Chemist: 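Below is a structure I'd like to ask you about.
If you're wondering where the values come from, they're calculated on a predicted model, not measured in any experiment.
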Amino acid sequence: MKRLFLIAALACGMSATALAQTEFEHTQARIQEGMHEFFVRPMVADLQMIKEECQEYGPFNIFPGLSLNDLTEDQLERAKVNATYKAASIAGADLILGITYYVTNNKKAKGLDIIVRGYPAKYVNFHSFGDPKRGQEDEKWIVPLEEGARIRAIAKDDKAKAVQWENRAK
């Protein structure tokens, strides 16, 4: 009897819990965010040459201690970038125009000796593109340059790259 009473109580308890679980909640919302973008007004600057004669900087020893056999083509390109930075720093320039390199291996200290030649220049006369006072003629020369750059990017123009002599062992 106790067993039957226990089973009946258990059945009633289960049905009571089933009835208690009839709550349901559903929400819906519209997500609308305001447009947010970051815009940068194009800047234009003039280049002012520091010296009008071709200058020579270096030699700079890059990757000292590494033998020529341990250097990769990628390290050669990074060495030229490093030497360019050093040359611009010495010249007080932002960049070197018409740059050429003479790269040799250093037999004593190892690594590469790089001589940098070019025309040091600084950026001056910064202004917003099309500024009414200082940028009245910007569109005349920038738009054709942008169009040419776009066309070269699409065509992947390899002819515009600098001519270079491949690495050679002496």
Side-chain angles (χ1 to χ4, degrees), residues 31-170:
I31 299 175
Q32 251 183 344
E33 291 188 25
M35 182 178 139
H36 56 282
E37 295 290 332
F38 185 71
F39 297 99
V40 177
R41 183 178 301 271
M43 293 294 296
V44 178
D46 296 332
L47 273 177
Q48 178 182 21
M49 292 177 67
I50 295 172
K51 301 225 177 183
E52 293 190 16
E53 303 83 29
C54 188
Q55 303 294 304
E56 190 170 290
Y57 304 95
F60 303 107
N61 185 253
I62 313 292
F63 298 124
L66 284 178
S67 72
L68 187 61
N69 294 335
D70 295 335
L71 293 170
T72 65
E73 192 76 27
D74 186 48
Q75 285 174 314
L76 171 63
E77 292 307 312
R78 285 189 282 154
K80 291 193 295 189
V81 169
N82 191 303
T84 303
Y85 169 79
K86 289 180 179 186
S89 180
I90 289 169
D94 294 319
L95 66 142
I96 309 284
L97 299 170
I99 197 164
T100 56
Y101 302 96
Y102 180 66
V103 183
T104 57
N105 62 312
N106 186 315
K107 293 175 184 162
K108 290 182 182 173
K110 300 200 179 197
L112 298 172
D113 282 343
I114 302 177
I115 295 173
V116 177
R117 288 179 45 90
Y119 302 86
K122 279 184 146 320
Y123 290 113
V124 295
N125 190 25
F126 282 89
H127 60 275
S128 296
F129 178 75
D131 181 89
K133 292 180 184 173
R134 297 193 299 176
Q136 294 173 348
E137 295 189 10
D138 288 347
E139 211 167 303
K140 287 181 185 176
W141 62 273
I142 291 177
V143 172
L145 288 175
E146 284 180 325
E147 183 63 19
R150 187 182 69 76
I151 291 169
R152 281 189 303 279
I154 291 170
K156 294 184 181 176
D157 186 8
D158 289 334
K159 294 175 186 167
K161 290 185 178 177
V163 176
Q164 65 182 11
W165 179 255
E166 292 300 317
N167 299 337
R168 59 189 166 111
K170 289 186 178 182

Chemist: Check the pair Leu112 / Thr104 against side-chain contact (heavy atoms from CB on, under 4.5 Å), numbers first and verdict last.
Modeler: CA-CA 6 Å; Leu112 298 172; Thr104 57; over 6 Å; no

Chemist: Do side-chain atoms of Gln55 reach the backbone of Glu53 as a donor and acceptor pair under 3.5 angstrom?
Modeler: yes

Chemist: Measuring from Tyr102:OH to Arg117:CZ, what's the distance to the nearest 0.5 Å?
Modeler: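 One gets 12.5 Å once the value is rounded to the nearest 0.5 Å.
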
Chemist: Taking all atoms of both residues into account, what is the closest heavy-atom pair of Pro59 and Asp113, and its distance?
Modeler: CB-CB, 4.2 Å

Chemist: Side chains of Leu76 and Val103: does their closest heavy-atom pair fall under 4.5 Å?
Modeler: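 In short, these two side chains touch, coming nearer than 4.5 Å.
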
Chemist: What's the shortest heavy-atom distance between Leu47 and Ala121, and which atoms?
Modeler: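 Closest approach of Leu47 to Ala121, heavy atoms only: CD2-CB, 4.1 Å.
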
Chemist: On a heavy-atom basis, which atom in Tyr119 and which in Cys54 lie closest, and how many Å separate them?
Modeler: CE2-N, 3.3 Å

Chemist: So, Thr84 and Tyr101: side-chain donor and acceptor under 3.5 Å apart, yes or no?
Modeler: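 Looking only at side-chain atoms, Tyr101 and Thr84 do form a donor-acceptor pair, the distance falling under 3.5 Å.
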
Chemist: Could you give the distance from NZ (Lys110) to CG (Asn105), rounded to the nearest 0.5 Å?
Modeler: 10.5 Å

Chemist: Let's go through Ile90 and Phe60 carefully: what are the C-alpha distance in whole Å and the side-chain angles of both, what is the deciding distance for side-chain contact (heavy atoms from CB on, under 4.5 Å) to 0.1 Å, and is it a yes or a no?
Modeler: CA-CA 12 Å; Ile90 289 169; Phe60 303 107; 3.7 Å; yes

Chemist: How many angstroms lie between atom NZ of Lys108 and atom CG of Asn61, to the nearest 0.5 angstrom?
Modeler: 12.5 Å

Chemist: Could you please spell out the steps behind the side-chain contact (heavy atoms from CB on, under 4.5 Å) verdict for Ile115 and Glu56?
Modeler: CA-CA 7 Å; Ile115 295 173; Glu56 190 170 290; 3.4 Å; yes

Chemist: Considering all heavy atoms of both residues, which atom of Ile62 and which atom of Ala83 are nearest to each other, and what is their separation?
Modeler: CD1-N, 4.3 Å

Chemist: What's the separation between atom CG in Asp94 and atom CD1 in Ile50, rounded to the nearest 0.5 Å?
Modeler: 7.0 Å

Chemist: Is it the case that the side chain of Glu147 and the backbone of Val143 share a donor-acceptor pair, with hydrogens and angles ignored and the cut-off at 3.5 Å?
Modeler: no

Chemist: Side chain of Arg134, backbone of Phe126: donor and acceptor closer than 3.5 Å?
Modeler: yes

Chemist: Evaluate side-chain hydrogen bond (donor to acceptor under 3.5 Å, both in side chains) for Asp131 paired with Ser128, printing each intermediate quantity in order.
Modeler: CA-CA 5 Å; Asp131 181 89; Ser128 296; 5.3 Å; no

Chemist: Test Tyr57 against Lys86 for side-chain contact (heavy atoms from CB on, under 4.5 Å), laying out the working first.
Modeler: CA-CA 8 Å; Tyr57 304 95; Lys86 289 180 179 186; over 6 Å; no

Chemist: Quick one: NZ on Lys122 to CG on Leu95, what's the gap to the nearest 0.5 Å?
Modeler: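 One finds 10.5 Å between NZ of Lys122 and CG of Leu95.
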
Chemist: How long is the span from the CE atom in Met43 to the CG atom in Asp138, to the nearest 0.5 Å?
Modeler: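 Nearest 0.5 Å value for the CE-CG distance: 10.0 Å.
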
